[in-house]
6 protein chains.
Amino acid sequence: MFVYEKKLQYPVRIANPNPRLAALIISQYGGPDGELGASLRYLSQRFSMPYPELKGLLTDIGTEELGHLEMIGAIVYQLTRGLTDEQVRQAGFDTYFVDHTTGVYPTAASGFPWSAASMQVKGDLIADLTEDLSAEQKARVTYDNILRMSDDPDVNDVIKFLRAREVVHFQRFGEGLRLAKDKMDEKNIYYLNPSFDK
Amino acid sequence: MFVYEKKLQYPVRIANPNPRLAALIISQYGGPDGELGASLRYLSQRFSMPYPELKGLLTDIGTEELGHLEMIGAIVYQLTRGLTDEQVRQAGFDTYFVDHTTGVYPTAASGFPWSAASMQVKGDLIADLTEDLSAEQKARVTYDNILRMSDDPDVNDVIKFLRAREVVHFQRFGEGLRLAKDKMDEKNIYYLNPSFDK
Amino acid sequence: MFVYEKKLQYPVRIANPNPRLAALIISQYGGPDGELGASLRYLSQRFSMPYPELKGLLTDIGTEELGHLEMIGAIVYQLTRGLTDEQVRQAGFDTYFVDHTTGVYPTAASGFPWSAASMQVKGDLIADLTEDLSAEQKARVTYDNILRMSDDPDVNDVIKFLRAREVVHFQRFGEGLRLAKDKMDEKNIYYLNPSFDK
Amino acid sequence: MFVYEKKLQYPVRIANPNPRLAALIISQYGGPDGELGASLRYLSQRFSMPYPELKGLLTDIGTEELGHLEMIGAIVYQLTRGLTDEQVRQAGFDTYFVDHTTGVYPTAASGFPWSAASMQVKGDLIADLTEDLSAEQKARVTYDNILRMSDDPDVNDVIKFLRAREVVHFQRFGEGLRLAKDKMDEKNIYYLNPSFDK
Amino acid sequence: MFVYEKKLQYPVRIANPNPRLAALIISQYGGPDGELGASLRYLSQRFSMPYPELKGLLTDIGTEELGHLEMIGAIVYQLTRGLTDEQVRQAGFDTYFVDHTTGVYPTAASGFPWSAASMQVKGDLIADLTEDLSAEQKARVTYDNILRMSDDPDVNDVIKFLRAREVVHFQRFGEGLRLAKDKMDEKNIYYLNPSFDK
Amino acid sequence: MFVYEKKLQYPVRIANPNPRLAALIISQYGGPDGELGASLRYLSQRFSMPYPELKGLLTDIGTEELGHLEMIGAIVYQLTRGLTDEQVRQAGFDTYFVDHTTGVYPTAASGFPWSAASMQVKGDLIADLTEDLSAEQKARVTYDNILRMSDDPDVNDVIKFLRAREVVHFQRFGEGLRLAKDKMDEKNIYYLNPSFDK
């Protein structure tokens with residue numbers, strides 16, 4: 001079970017509203033490579049993960065990503081606080097606003113509501129961990145692109161923190177994959193399930 | 001942020017595998033009225049919720065639902081442990097198995113991957129709380145239907161616990177709605193935002 | 001069966017084209033809380049609704065919402081009549097135009113085609129009526145937001161009419177829910193199906 | 001606007017429950033080529049249809065399809081009336097039942113909720129009428145397949161009526177397309193918009 | 001099987017970047033009536049197509065459309081080469097950029113990822129060929145609309161080539177439909193499967 | 001552009017119909033980790049891939065996967081040839097049959113039509129190649145699961161060929177990733193884009 005601790009993992013304090021930037025950053029809330037998908041992917045994969053070390057790894061990172069989801073929500077919320085109707089319109093935020101006002105809804109920047117089709121739980125430790133490596137790389141690129149699009153230092157400070165965490169997770173999943181390989185078969189150098197490869 | 005506590009909110013100990021039942025119960029993991037939608041709905045709505053009591057209510061219940069999601073995942077996992085290929089085929093579990101083996105994936109019983117289109121964050125406290133009342137009623141019916149389809153006492157004991165929690169949440173959201181109404185306007189008896197109703 | 005009467009429930013006469021506004025209002029045609037979902041939800045729920053009064057209520061409101069869908073289509077059509085290519089481009093209407101020209105297609109303002117995942121038919125009278133209350137509140141907020149974004153009096157006059165109807169429907173569904181409760185069980189104060197609550 | 005007339009276009013009186021057959025026929029309610037798509041396609045296309053005869057054709061057929069949607073709903077409802085839990089399970093109807101009980105929900109037989117992605121409004125009379133011809137052919141095949149799968153004479157009598165109506169609609173859209181061509185350009189033998197073809 | 005020939009069917013050489021135009025043309029890559037859907041529709045339908053001439057027709061056109069998909073990808077890529085961050089932002093290309101940088105992803109201009117729900121394989125030769133006629137008409141309109149929105153001669157030269165190919169395909173599918181009718185039944189003037197029509 | 005060569009990459013000759021098995025194998029046609037996604041992913045990623053060797057790698061493998069898609073289509077087609085209505089019903093193939101007869105449609109075994117949401121083009125060579133490694137692992141597991149569910153030697157012979165190709169592709173993408181890393185930065189040991197990591 002989960003316990004909520006009433007603080008963010010890293011503080012979010014944004015001085016200036018910027019609905020256009022909010023409309024991009026929302027992709028890390030509900031976009032294809034965002035924190036919702038990350039968290040749900042890892043917390044779901046752990047049920048069928050056979051080794052306790054790897055189950056623990058998925059639980060740890062999945063729980064941390066829940067906190068990142070919260071941080072992204074806080075960024076989006078602060079970037080859209082106290083907007084005038086005119087600011088909503090001029091930023092092109094009106095297509096989001098009409099259906100969600102300034103609520104935080106899990107959607108991609110493209111307007112596509114988050115779908116579990118963008119993640120996988122394969123029930124195979126090698127496939128699942130490789131998917132996780134891929135997920136971290138894709139999340140890293142989304143953060144790269146946010147940094148390219150944003151010149152708000154309050155935002156960028158938080159985004160850099162989150163981006164750095166994805167890099168750490170990528171390394172930890174890499175170690176997890178090596179551990180999985182070692183446990184399965186010392187000679188299975190192509191990371192495959194040996195049962196169909198003889 | 002969230003902290004993981006290594007125990008379930010209520011114990012799950014299922015003696016006998018039953019993939020057909022797993023294929024139904026998965027709908028409370030990733031179906032239209034399941035625990036993923038519940039948790040994400042409440043944890044998302046809280047950002048724009050104006051009163052601290054209501055923000056706290058959404059955080060509390062949203063966090064508890066994360067724990068329920070975990071319990072449902074545990075049920076599905078235990079119901080599909082150690083299956084033979086023949087058991088998979090005979091239960092009609094093969095259409096799930098081919099893509100996810102016995103991993104726990106957020107899908108409806110119908111095979112539709114979870115979509116954020118099944119939830120809403122409206123950025124309006126009355127609309128959001130009414131959505132929450134509706135969500136709890138729909139989750140309650142899904143639990144009713146699982147109880148109609150299942151005769152496994154190990155499963156039903158847990159399902160009854162989860163169902164009872166939805167009833168409690170429904171009541172708490174009802175109280176939240178009354179509080180919201182009181183705060184907004186003593187005479188706003190139809191629960192409407194007064195700014196467009198004069 | 002349905003009979004078409006060749007007039008709108010309330011007249012729509014818009015003098016000036018405004019593709020940007022059309023791109024928002026289309027959400028009441030095919031968006032998550034729009035008139036298509038409303039109509040289809042009520043007309044679908046009535047099959048399993050047990051009491052004739054409630055079946056009639058759903059049929060009445062569902063049929064009226066079909067007429068509202070038509071009114072919204074008329075608004076969108078009139079707002080995009082006779083546009084020059086330049087007007088299409090400058091309003092950012094080009095991403096809609098490329099696939100639909102100025103045809104009226106059931107999509108959300110976000111660009112997401114209408115999906116039945118945004119509605120539910122639960123086959124349980126309490127859950128279905130609570131969903132209906134929620135639907136009316138969410139539709140009301142979308143109309144609020146259109147009024148915030150629009151300063152065209154021809155449009156706003158119609159939107160205010162439609163918004164007022166949602167308020168009436170909300171009240172009628174509230175009465176329907178009380179009736180359902182009375183019929184089910186005088187003492188069932190939490191609006192629950194008594195079969196699993198003893 | 002629409003007026004509801006309290007009778008079906010053709011009577012539906014089914015003596016025996018058959019949830020398996022219901023689970024197939026639902027595809028004409030909410031499947032890719034069903035009556036919901038048909039109705040919504042025609043009623044949406046009419047806004048941008050330039051000639052009154054064709055606008056009228058779309059309105060007529062679109063309104064009739066609303067009545068067919070109702071008939072399909074009635075079939076599904078009657079085929080699932082009074083089921084025991086055991087009948088639900090044995091027919092494999094349980095994956096539908098868990099989320100909708102015996103309510104009538106707009107889904108395909110495959111379990112995919114109806115999506116507007118399965119229809120198009122192109123804002124071009126030739127393209128729209130060709131889409132309509134295609135829609136009628138596809139609906140006809142679905143009815144063919146239901147007749148192949150069903151041996152219930154009560155059901156088949158209604159399905160044959162509905163199938164025959166699709167054939168009539170196909171002919172009428174064919175006539176509409178010839179009319180459109182005549183109106184546009186006597187020599188435009190390939191049914192194309194002449195503005196880009198010189 | 002397919003062999004790749006390292007050249008485009010028709011050369012694509014675009015001098016000036018234009019991300020706004022790229023964001024429209026992408027709809028012919030992954031939009032509802034684009035080249036991906038065309039190719040996959042024809043290449044899928046051929047398996048159940050009963051006559052070798054028609055199977056060959058579908059294979060020919062389906063393979064050519066794969067080449068058109070490649071050409072559209074090349075247009076999108078060239079229109080977004082070497083953009084500055086400022087150009088990305090000013091064109092409103094940022095909502096695409098944040099998730100895909102300048103990679104070519106199969107999405108509609110609306111932001112909806114390509115879905116097979118926008119195509120059909122009915123397993124009936126008349127229905128499938130009518131769907132194909134409809135698909136070619138809809139693709140033709142999308143090209144019409146791109147020509148309306150674009151004033152780049154480098155782009156328009158290629159788009160006109162592709163549009164002309166759709167017209168040819170429409171004619172060829174029309175001939176295919178006549179052939180199918182002849183083979184099925186000389187007197188089946190309404191293009192129907194005779195097995196249910198006596 | 002692509003040229004069709006009228007033979008399969010590896011012969012498919014299946015003696016006995018088996019619609020249940022077809023309903024599983026279709027997931028390699030249109031499921032989340034199937035050949036359509038594989039092919040489209042690689043053929044799309046190559047536009048923004050910066051090095052000719054890697055562009056060539058993606059083109060080669062993407063083209064081969066088009067041939068695998070064709071082989072899977074041939075398997076599904078042969079497994080459903082000449083079925084009686086009774087065979088369709090008993091195998092539970094009726095929910096597919098009602099909408100597609102025995103045509104080959106790009107859907108998952110779960111009934112979810114293929115969606116581009118299940119793939120990504122990130123426009124970043126490291127992220128794209130890591131996604132490709134993940135895709136090959138997931139496809140490998142789906143083939144593992146088909147082999148677990150099938151005891152038809154005609155089918156399994158082909159599936160083993162396809163599975164072996166995925167293993168080869170995994171190795172080649174691994175080599176591609178090492179090449180990418182070498183080209184980008186000799187010391188970039190964590191496979192990251194150096195522009196944001198100093």
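Note on naming: letters A, B, ... go to the chains in the order of the sequence lines (proteins, then strands), and numbering restarts at 1 for each one. Treat the numbers as computed from the prediction; the structure is a model and nothing was measured.
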Participant: Name the region of Ser44(B), side chain, backbone, both or neither, that has any atom closer than 4.5 Å to a heavy atom of chain A.
Facilitator: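 It is both, since atoms from each part get that close.
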Participant: Given a strict heavy-atom distance threshold of 4.5 Å, which part of Leu43(B) is in contact with chain A: side chain, backbone, both, or neither?
Facilitator: backbone
Participant: Tell me, side chain or backbone of Arg46(B) under 4.5 Å from chain A's heavy atoms, or both, or neither?
Facilitator: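 It is the side chain, since no backbone atom gets that close.
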Participant: If the test is side chain to side chain contact (heavy atoms under 4.5 Å, CB included), which one of Val3(B), Leu66(B), Thr63(B) qualifies with Leu66(A)?
Facilitator: Leu66(B)
Participant: For a 4.5 angstrom cut-off between non-hydrogen side-chain atoms, does Met119(A) reach Pro113(B)?
Facilitator: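 Counting from C-beta outward, Met119(A) and Pro113(B) never come under 4.5 Å.
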Participant: Side chain, backbone, both or neither: which part of Gln120(B) has an atom under 4.5 Å from a heavy atom of chain A?
Facilitator: both
Participant: Heavy-atom distance under 4.5 Å to chain B: side chain of Tyr77(A), backbone, both or neither?
Facilitator: side chain
Participant: Could you tell me whether the side chain of Tyr105(B) and the main chain of Ala116(A) form a donor-acceptor pair under 3.5 Å?
Facilitator: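 A pair under 3.5 Å: yes.
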Participant: Of the backbone (N, CA, C, O) and the side chain (C-beta and beyond), which part of Ala127(B) lies under 4.5 Å from a heavy atom of chain A, both, or neither?
Facilitator: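 Nothing of Ala127(B), per the 4.5 Å heavy-atom cut-off to chain A.
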Participant: Could you tell me whether the side chain of Thr101(A) and the main chain of Lys122(B) form a donor-acceptor pair under 3.5 Å?
Facilitator: yes
Participant: Using a 4.5 angstrom heavy-atom cutoff, name the option from Gly67(A), Gly103(A), Gly62(A) with the most pairs to chain B.
Facilitator: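 The residue among Gly67(A), Gly103(A), Gly62(A) with the greatest pair count is Gly103(A).
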Participant: Once you measure the plane-to-plane angle for Phe47(B) and Tyr29(A), does it fall in the parallel (<30°), tilted (30-60°) or perpendicular (>60°) bin?
Facilitator: perpendicular
Participant: May I ask you to name which of Gln78(A), His100(A), Gln9(A) has the most heavy-atom pairs under 4.5 Å with chain B?
Facilitator: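 Most heavy-atom pairs under 4.5 Å with chain B: His100(A).
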Participant: Among Leu8(A), Thr59(A), Asp60(A), which residue forms the greatest number of heavy-atom pairs with chain B at distances under 4.5 Å?
Facilitator: Thr59(A)
Participant: What part of Met49(A) is in contact with chain B, defined as an atom under 4.5 angstrom from a non-hydrogen atom: side chain, backbone, both or neither?
Facilitator: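 Contact with chain B: none, neither part.
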Participant: So which heavy atom on Leu40(B) is nearest to which on Pro106(A), and how close?
Facilitator: CD2-CG, 3.8 Å
Participant: Quick check: does any side chain N or O of Glu5(B) sit under 3.5 Å from a backbone N or O of Met1(A), one acting as donor and the other as acceptor?
Facilitator: no
